[in-house]
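Beneath this line is the structure, given in structure tokens, with notes to follow.
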Amino acid sequence: MAKKVLIVDDEQSILTLLEYNLKQAGYEVITAMDGEIGKNLAISENPDLIVLDLMLPKMDGIEVCKELRQNKVMTPILMLTAKDDEFDKVLGLELGADDYMTKPFSPREVVARVKAILRRTQFSAETVGKAEEDLDYIEIFDLKIFPDQYEAYFEGNLLELTPKEFELLLYLAKNKGRVLTRDSLLSAVWNYDFAGDTRIVDVHISHLREKIEHDTKKPLYIKTIRGLGYKLEEPKGE
């Protein structure tokens, strides 16, 4: 079954261009030209990915993204903007977008980015139906991560993570005890040039701490190494 992509953009030329190229790449495509309709389609149609413009009538992309995440809709979001504005970029990612592209862009680049996001978030078919004990996982005290399922549990509860939050957590866990610089995390987790926007890393670290730390000001799992970066370690207790 083809993956379903929702495109929300108020420029008909961009909608037509992206719809054509994504359909050519084998995706089912639905579209919306304002944020309110886009938000409703994101909930009712359950797409596999949302391409969301920042500047939209009725409800802008930031508000759409914020409301979807507040309503526990964790569908991956690729945000588009005509503004090369670092504040907008960080704010969009802070509110739950998974990726970010600045207009103008080539349709081929958008399709490649969509493929990359869906590839990262796709469950491995081989794991479906297996008992939990049969699955490979990483366990760090009360944190358990299942890479093949793109799932993580804290104190036995399933964490609601965006794909990018999961990838960051997984990379930290695979490198438990190692100090990882912000630049190395950008390279490993975002794996393309974000022009040194290391605040994006800080934003996602903050989100992870909110979900796995009882006291975000005194984290037991994800430690800040001043002047260097972060490391995830086994909690020593207090």
Side-chain angles (χ1 to χ4, degrees), residues 1-11 14-56 59-81 88-89 91-103 105-125 128 147-152 159-170 189-192 194 200 204 207:
M1 184 179 295
K3 295 286 187 181
K4 185 189 298 184
V5 177
L6 167 64
I7 309 170
V8 188
D9 199 301
D10 63 337
E11 295 182 55
I14 290 179
L15 274 184
T16 302
L17 187 65
L18 291 180
E19 181 177 14
Y20 172 80
N21 281 273
L22 285 166
K23 283 184 175 179
Q24 287 293 106
Y27 297 104
E28 179 185 344
V29 178
I30 52 177
T31 64
M33 294 191 71
D34 69 60
E36 188 174 323
I37 293 175
K39 183 198 73 171
N40 292 335
L41 285 174
I43 295 171
S44 64
E45 292 292 325
N46 192 28
D48 297 287
L49 183 140
I50 303 166
V51 179
L52 178 65
D53 190 36
L54 181 65
M55 303 301 293
L56 292 166
M59 181 183 293
D60 66 27
I62 293 292
E63 190 63 28
V64 172
C65 186
K66 182 179 178 181
E67 288 204 15
L68 288 176
R69 296 306 189 228
Q70 286 177 342
N71 284 284
K72 310 303 182 186
V73 176
M74 307 310 286
T75 306
I77 295 174
L78 171 59
M79 190 164 282
L80 307 176
T81 180
D88 282 339
K89 182 185 296 186
L91 179 61
L93 292 166
E94 184 174 13
L95 292 174
D98 298 280
D99 211 340
Y100 197 98
M101 292 185 68
T102 302
K103 299 176 183 177
F105 47 73
S106 72
R108 182 178 298 179
E109 184 183 4
V110 176
V111 171
R113 199 68 67 83
V114 166
K115 285 182 178 178
I117 295 170
L118 289 174
R119 187 167 55 246
R120 293 195 299 260
T121 58
Q122 186 175 7
F123 279 24
S124 169
V128 175
D148 287 338
Q149 290 184 299
Y150 256 71
E151 291 183 347
L159 295 174
E160 292 178 345
L161 302 173
T162 67
K164 196 58 66 178
E165 288 169 0
F166 178 85
E167 288 179 41
L168 178 58
L169 179 62
L170 178 60
V189 178
W190 280 263
N191 61 52
Y192 58 89
F194 247 91
I200 292 168
H204 282 73
H207 285 181

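Bear in mind that the values here come from a model prediction, so they are computed numbers and not experimental data.
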Do you know which two heavy atoms are closest between [X] and [Y], and how far apart they sit?
X      : Y      : answer
Ala42  : Pro47  : O-CD, 3.4 Å
Pro76  : Ile117 : CB-CG2, 3.6 Å
Ala97  : His204 : O-NE2, 4.5 Å
Leu170 : Pro147 : CD1-CG, 3.8 Å
Glu165 : Leu161 : OE1-CA, 3.5 Å
Lys115 : Ala25  : CE-CB, 4.3 Å

What residues form a side chain to side chain contact (heavy atoms under 4.5 Å, CB included) with [X], not counting sequence neighbours?
X     : value
Ser44 : Leu41
Asp10 : Asp53, Leu56, Pro57
Glu36 : Asp34, Asn40, Lys58

Side-chain contact, heavy-atom cut-off 4.5 Å: [X] with [Y]?
X      : Y      : answer
Thr81  : Tyr100 : yes
Thr162 : His207 : no
Val111 : Leu22  : yes

Between [atom1] of [X] and [atom2] of [Y], what distance do you get to the nearest 0.5 Å?
X      : Y      : atom1 : atom2 : value
Leu6   : Asn46  : CG    : CG    : 11.0 Å
Ile77  : Lys164 : CD1   : NZ    : 13.5 Å
Ile30  : Ile7   : CD1   : CD1   : 9.5 Å
Glu160 : Lys72  : CD    : NZ    : 4.5 Å
Leu118 : Lys4   : CG    : NZ    : 13.0 Å
Met101 : Leu80  : CE    : CG    : 7.0 Å

Q: Quick one: which residue pairs count as a side chain to side chain donor-acceptor pair (under 3.5 Å) with a foot in residues 20-32, not counting sequence neighbours?
A: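 As it turns out, the side chain to side chain donor-acceptor pair (under 3.5 Å) pairs with a partner in residues 20-32, which skip direct neighbours, are Glu19-Lys23.
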Q: Check the pair Val51, Val114 against side chain to side chain contact (heavy atoms under 4.5 Å, CB included), reporting the backbone distance first and the verdict last.
A: CA-CA 8 Å; Val51 179; Val114 166; 4.3 Å; yes
Name each donor-acceptor pair under 3.5 Å that joins a side chain in residues 61-70 to protein atoms two or more places apart or in another chain, with its distance.
unit_1 : atom_1 : unit_2 : atom_2 : d
Glu67  : OE1    : Lys39  : NZ     : 3.2
Arg69  : NE     : Gly96  : O      : 3.0
Arg69  : NH1    : Val73  : O      : 2.7
Arg69  : NH1    : Thr75  : O      : 2.9
Arg69  : NH2    : Thr75  : O      : 2.9
Arg69  : NH2    : Gly96  : O      : 2.8
Arg69  : NH2    : Asp98  : OD2    : 3.0

